[in-house]
Student: 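My structure is below; once you've seen it, I'll send some questions.
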Protein chains: 2
Amino acid sequence: MKKSALFDALRAGILDLSFPPGSALDEAALCESYGVSRTPLREVLQRLSGEGYVMLEAHRGATVSSMDLPVIRSLIQTAPMIYAAVARLAAENASPAGIKTLKHVQSGFRNADTPTEMAMHNHRFHEAIGAMADSPYLMPSLKRLLIDHTRMSQRFYDARTATERKTIQQASDQHDAMIAAFEEHAPAKAVDLTLDHWALSRDGIERFVMPPPLPLDPTQEIKDAV
Amino acid sequence: MKKSALFDALRAGILDLSFPPGSALDEAALCESYGVSRTPLREVLQRLSGEGYVMLEAHRGATVSSMDLPVIRSLIQTAPMIYAAVARLAAENASPAGIKTLKHVQSGFRNADTPTEMAMHNHRFHEAIGAMADSPYLMPSLKRLLIDHTRMSQRFYDARTATERKTIQQASDQHDAMIAAFEEHAPAKAVDLTLDHWALSRDGIERFVMPPPLPLDPTQEIKDAV
DNA sequence: AGTATCGAGTTTGTATACAAGTTGTATTTC
DNA sequence: GAAATACAACTTGTATACAAACTCGATACT
């Protein structure tokens with residue numbers, strides 16, 4: 001069980017940006033802090049690489065997958081299509097068991113109180129939709145998508161203004177509506193809701209990519225940037 | 001380089017069905033025959049598992065991913081959508097370099113003389129389209145799809161009748177037409193051609209899933225089934 | 001006779017030692 | 001003083017030995 005704990009820890013750390021995109025992962029240090037030897041650690045890194053969390057280059061170690069501009073462009077271009085396709089299948093294949101886990105995850109999402117926790121529950125929510133869609137071929141893309149989407153939405157859930165809090169509430173309501181659409185096997189409705197949900201999320205991504213401009217006073221600027 | 005050779009060998013063996021779906025892969029035996037120790041072999045298996053070639057269960061070793069009926073249903077349901085999406089992006093993002101490799105792979109496809117070689121070149125052809133589409137989020141699904149599609153199309157390229165040979169010729173012509181559509185940045189055209197191409201392939205899959213009925217004589221039937 | 005339990009044998013998982021490769025620094029040369 | 005090369009330190013890759021888990025057959029019990 002030690003190995004899976006290590007896997008989950010690294011995965012969570014990458015998703016919540018404690019391991020920043022592009023940063024190098026030191027084998028020795030990770031072995032030390034998780035108390036495993038290099039063999040299982042390396043197997044974990046291989047798995048993480050297979051799922052798109054890290055990049056593995058020969059003789060050069062592991063680095064957290066980057067999130068540069070072309071990647072973000074790709075995400076915005078591809079995400080709605082994949083989410084919509086998954087939603088359609090989920091509505092078609094919805095099972096009582098699937099709906100139940102979905103409701104459970106969603107209640108966890110509603111009760112979350114830190115931005116990171118919200119982002120993680122949102123991740124699980126959409127992963128659960130993928131599981132219900134039950135398509136071994138779409139799942140890999142969905143998972144890949146969710147990695148970057150979750151990383152970018154860290155800012156989304158860090159609500160600072162009343163407007164932002166309202167937006168989050170809106171996203172949560174959309175989750176509920178989506179569950180209802182799945183439950184009544186309404187693919188078209190599920191797709192529409194999913195696209196609305198995506199549109200909402202897009203704004204958060206834009207805030208992540210283009211943060212508010214720094215103050216014009218240079219000394220202030222340096223202080224804020226740290 | 002030994003490790004990547006091992007990876008390619010296993011990958012090719014799985015795609016051409018020399019390792020049948022569902023069969024177990026013995027670590028010791030593979031180490032023996034490829035002359036590597038278990039550590040790199042296991043890393044290769046991890047990678048293959050990440051890409052969907054094998055299933056890895058704890059304390060239970062690696063098995064070649066199966067191709068049971070639900071999976072095939074999923075494939076038929078999902079494939080056209082993914083292929084179409086990839087084709088659209090490929091047409092939009094087509095680059096001279098991408099077109100060049102596509103033409104190269106296609107000439108290899110035309111000159112292939114065994115069913116396996118044809119299936120492999122077809123695999124590479126569609127992988128090259130995926131590369132040109134340049135979407136890190138669609139690629140994983142495309143690759144997953146191609147694994148099973150290639151395994152199922154082994155029968156497709158094993159032409160026994162004049163009709164079957166004609167069908168293969170038709171598929172090859174479609175490849176050429178698709179390249180042309182990419183080259184002139186015509187997404188709609190590329191999508192249409194891709195869907196036609198898929199329709200053709202579907203018949204081959206049906207022949208794979210539902211082989212011609214066995215003779216009615218029971219003794220004959222048992223002999224053939226072995 | 002059927003089922004449950006124990007144990008030998010086999011297979012998988014982990015740790016560690018060693019080999020090979022890469023990076024960065026220092027020294028030498030132009 | 002700048003550039004190139006060689007060396008040293010460090011990081012990654014591989015082999016092997018050992019530990020843990022599972023399988024399957026034999027024996028005992030219901």
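Here is the naming used below: chain letters follow the sequence lines, and residue numbers restart at 1 for every chain.
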Student: dT12(C) phosphate, OP1 or OP2: any side-chain N/O from Arg38(B) under 4.0 angstrom?
Tutor: no

Student: Taking for each residue the nucleotide of DNA chain D bearing the nearest heavy atom, is the 5' side occupied by Thr39(A) or by Gly61(A)?
Tutor: Gly61(A)

Student: Any donor-acceptor pair under 3.5 Å linking the side-chain atoms of Tyr83(A) with those of His149(A)?
Tutor: yes

Student: To the side chain of Lys3(B), which of dT14(D), dT12(D), dA17(D) is closest?
Tutor: dT14(D)

Student: Nearest to the Arg60(A) side chain among dG13(C), dA15(D), dT23(C), which nucleotide is it?
Tutor: dT23(C)

Student: Between Ala62(B) and Val36(A), which has a closest nucleotide on DNA chain C that is more 5'?
Tutor: Ala62(B)

Student: Calculate the interatomic distance between Asp26(A) atom CG and dT11(D) atom C1'; express it in whole Å.
Tutor: 8 Å

Student: Look at the side chain of Ser107(A) and the backbone N and O of His104(A), then say whether any donor-acceptor pair between them is shorter than 3.5 Å.
Tutor: yes

Student: Using a distance-only test with no angle check, is there a side-chain donor-acceptor pair under 3.5 angstrom linking Thr63(B) and Glu57(B)?
Tutor: no

Student: For Glu27(A) and dG21(C), what is the distance between atoms CD and C1' respectively, to the nearest whole Å?
Tutor: 13 Å

Student: Could you tell me how far apart Leu56(A) (CG) and dT11(D) (P) are, to the nearest whole angstrom?
Tutor: 16 Å

Student: Between His175(B) and His197(B), is there a side-chain donor-acceptor contact under 3.5 Å, judged purely by atom types and distance?
Tutor: yes

Student: Rounding to an integer number of Å, can you tell me how far Leu45(A) CG sits from dT14(C) C1'?
Tutor: 15 Å

Student: Between Glu43(B) (CD) and dT12(D) (P), how many Å, whole number?
Tutor: 12 Å

Student: If each of Gly35(A) and Ala58(A) is mapped to the nucleotide of DNA chain C with the nearest heavy atom, which maps nearer the 5' terminus, i.e. the 5' end?
Tutor: Gly35(A)

Student: So, is Ser37(A) close to the dT14(C) phosphate, meaning a side-chain N or O under 4.0 Å from OP1 or OP2?
Tutor: no

Student: Expressed in angstrom and rounded to an integer, what is the separation of Gln46(A) atom CD from dG13(D) atom P?
Tutor: 8 Å

